[in-house]
Amino acid sequence: MSTTPTSDPTTHLVSALLRSELLEPYVRDIWERYIHHEKLGEANPFSIRAIARAISTHQHTVYGLEISPHKYKDRVRRAITGEHISSETIDLFSETFGFDERTHKALHKAAAQGFDDSETVYFLRSNPQTLTSSCYLDVQLDPVDPAAFTLKATYTLLSLESGCSAFLFALPQGQELTYADRNFSVSRVDEDQEWVFTPATFIQPLQTFMLRFSVRGKAQPQADGSYRLLLPFTHRSYSAAIKLTATGTPMKVSFTEQTSAEPSPTAVCADTVTDYLSNFYPSLKDTTVALMWSPST
């Protein structure tokens with residue numbers, strides 16, 4: 001993880017919005033003209049020097065100001081890494097790279113007031129900043145309450161091209177989330193119990209990092225008497241292992257999958273178990289996976 005000084009979650013999200021805009025083709029075309037000898041790649045998609053040169057040139061062309069690109073380098077770096085973004089910095093970026101009015105206003109509003117819950121969820125859904133390299137989900141049922149569960153999750157995550165300032169997990173039936181990692185702060189953002197994880201420091205592009213947490217809650221009862229638990233995944237996962245530990249009495253268990261293109265979920269890996277059931281997914285993309293169980297009669 002980066003050693004960038006800690007900043008607040010709002011600044012992290014504003015920075016993420018700025019980075020996503022800088023990678024838009026029409027914006028990227030502008031600052032890439034000012035690349036001299038820097039080499040860009042997936043792990044280094046931004047050139048601080050080139051962006052600073054673009055701002056310096058714009059200030060000279062429009063206002064006749066002779067300001068060295070070196071004067072802008074620190075401001076550009078802090079904005080991109082989420083360390084600090086002022087309203088003046090937002091104006092510099094907007095003017096130089098021709099951000100549309102909606103983006104310009106969104107950046108200012110977010111910097112001044114923060115994101116409200118719906119804006120946070122919408123932005124993080126629309127601009128995923130991580131994918132899952134691998135994960136292990138251990139679901140344990142309660143022998144007394146058939147709806148109750150404990151989910152212990154371990155993820156190896158990979159930050160995407162623009163780096164990572166925050167990411168989202170949907171845990172609709174989770175009433176209590178526990179985590180011991182001081183590198184993240186966690187907040188629940190809406191009634192559907194989507195949780196935002198914010199790293200204490202900006203995570204550079206294409207960096208692998210670990211996340212562990214535990215969730216207790218009650219699964220949603222279905223009309224047929226079964227229980228349904230939606231499992232937490234990022235938009236893409238390359239390896240996912242799931243283990244259900246039953247209560248010692250026979251349980252009907254199945255997993256369901258549903259992509260955005262499918263009208264209804266498909267049941268897979270159905271079985272009657274008394275001890276445990278495991279399932280492995282080599283790859284998941286924009287897929288909702290749920291765990292279903294009911295007492296066997």
### Query
With a 3.5 Å cut-off and no angle check, do the side chains of Tyr276 and Gln140 form a donor-acceptor pair?
no
### Message
Between Ser56 and Ile67 (side chain of the first, backbone of the second, donor and acceptor by atom type, cut-off under 3.5 Å), is there such a pair?
### Response
yes
### Task
Please answer whether the main-chain N or O of Lys285 pairs with a side-chain N or O of Thr287 as donor and acceptor at a distance below 3.5 Å.
yes
### Message
With a 4.0 Å cut-off on N to O distance, would you call Glu88 and Arg75 a salt bridge?
### Response
no
### Query
Between Asp74 and Arg78, is the closest basic N to carboxylate O distance under 4.0 Å?
yes
[atom2] on [Y] to [atom1] on [X], rounded to 0.5 Å:
X: Asp271; Y: Phe255; atom1: CG; atom2: CZ; answer: 10.5 Å
X: Thr178; Y: Arg216; atom1: OG1; atom2: CZ; answer: 7.0 Å
X: Leu206; Y: Ser162; atom1: CG; atom2: OG; answer: 10.0 Å
X: Trp31; Y: Thr57; atom1: CH2; atom2: OG1; answer: 15.0 Å
X: Ile203; Y: Thr81; atom1: CD1; atom2: OG1; answer: 13.0 Å

### Task
Scan Phe184, Tyr179, Phe197 and name whichever one has a ring pair (Phe, Tyr, Trp, His ring centres under 6.0 Å) with Phe169.
Phe197
### Summary
Taking every heavy atom of Thr256 against every heavy atom of Pro265, the minimum-distance pair comes out as CB-CB, 4.0 Å
### Summary
For Ser159 and Phe209 the tightest heavy-atom approach is N-CE2, 4.0 Å
### Message
Which residues pass the ring-ring contact (aromatic ring centres under 6.0 Å, His included) test with Phe99, not counting sequence neighbours?
### Response
none
Name every donor-acceptor pair, under 3.5 Å, that has one atom in a side chain of residues 222-236 and the other anywhere in the protein, sequence neighbours excluded.
from: Gln222; atom 1: NE2; to: Gln220; atom 2: O; distance (Å): 3.1
from: Asp224; atom 1: OD1; to: Ser226; atom 2: N; distance (Å): 3.0
from: Asp224; atom 1: OD1; to: Ser226; atom 2: OG; distance (Å): 2.6
from: Thr234; atom 1: OG1; to: Thr132; atom 2: N; distance (Å): 3.3
from: Thr234; atom 1: OG1; to: Thr132; atom 2: OG1; distance (Å): 2.7
from: Thr234; atom 1: OG1; to: Arg236; atom 2: O; distance (Å): 2.8
from: His235; atom 1: ND1; to: Thr130; atom 2: O; distance (Å): 3.4
from: Arg236; atom 1: NE; to: Tyr238; atom 2: OH; distance (Å): 3.4

### Message
I need the full list of salt bridge (charged side-chain N to carboxylate O under 4.0 Å, His left out) pairs touching residues 50-62, with sequence neighbours left out, sorted by first then second residue.
### Response
Glu38-Arg53
Do [X] and [Y] come close enough that some side-chain heavy atom pair is under 4.5 Å?
X: Thr154; Y: Arg212; answer: yes
X: Leu17; Y: Leu13; answer: no
X: Leu291; Y: Leu137; answer: no
X: Tyr281; Y: Glu257; answer: yes
X: His108; Y: Asp91; answer: yes

